[in-house]
Amino acid sequence: MKRVDEIICSLKKIIEVREKSLHEEGQDYFKCSLCRDRGLIFNGDVVRVCPCVKQHYLELRYQYANITPEIKDYSFESFRLDYYQGGYRKQASAALEGARQFVNDYLENQHTRGLLFTGDVGAGKTYLAGAIANSLLKKNVRVLFLVVPDFLDELRATYNKGNTGEGYEPDDVSLLRGVRQVDVLILDDLGVHNYTPWTCNKLYSLLNYRLNYQLPVIITTNLSLGQLDQFLGERTTSRIVQMCRIYEIHVTKDIRHQKNLYGLQNK
Ligand SMILES: [Zn+2]
């Protein structure tokens, strides 16, 4: 076995060669001045991983999780209960608490039950789902944030490719496999869409798989359970009820409108 100082020595040599060739190619610009993009900081015989590596992996996790720059800013701390009036505030507070509790429970037990946020458009459901995603990503949990209509479009496109012989069987594509097996799956906006028997079937098989392997799902929808039943079928809705704690969240005015108003008043 090689000794640690030998390894460090050969690492330094590799880096020197790489930097020499970069210099010759005229690429002396480094994104990280701490480690000169080596990822490692050498201090005599001590080597440590540069903080930029950790940051880089966090950014990659966000990228894989499908988190948009807007959602990246959502957090429990900035969830504003004062947007909710009267009895709605109590509901929103319970939903916020449920979301926080889910993150804590998940970090203790990965087979914890998921959540379903149901209620008006613009009531803060996506915000809570985003805040959950961000909290978990920071704890190295693999999260996938899917906007359901986009996901179904993508799934259909892959399927069509498969039909013309260009692609693979839909069940074999990494798209669906990844969605099935990711640690925490977020299905945002499971609403009124043009569900065909085929898409209903795909959603059922996805949820059924995750139920069997006790992998949590976070769902947001502006439909009631009865309406979900009607659009997705009873067997899918019954899986959702088994897998998720349900929180209702309503608001008198769309929060996104209130925010715009608030922004204007502040100017
Ligand atoms: Zn660095």
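Order of listing sets the numbers, starting from 1, for every ligand and every atom in it.
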What count do you get for protein N/O/S atoms less than 2.8 Å from the Zn ion (ligand 1)? 4
Residue pair R210 / R180: nearest heavy atoms and the distance that separates them: NH1-O, 2.7 Å
Per the side chain to side chain contact (heavy atoms under 4.5 Å, CB included) rule, which among I186, N134, L144 passes with I67? N134
Flag this pair as yes if the NZ/CZ of R61 is under 6.0 angstrom from the six-membered ring centre of Y64 and inside a 45 degree cone about the axis; otherwise no. no
Kindly assign one of parallel, tilted or perpendicular to the pair Y88 and H250, based on the angle between their ring planes and the thresholds 30° and 60°. tilted
Please find the pair of heavy atoms, one from S75 and one from Y127, that lie closest to each other, and give the distance. O-CE2, 3.3 Å
Count I, L, V, M, F, W, Y as connected when their side-chain heavy atoms are under 4.5 Å apart, and connections chain through other members. Are Y57 and I41 then in the same cluster? no
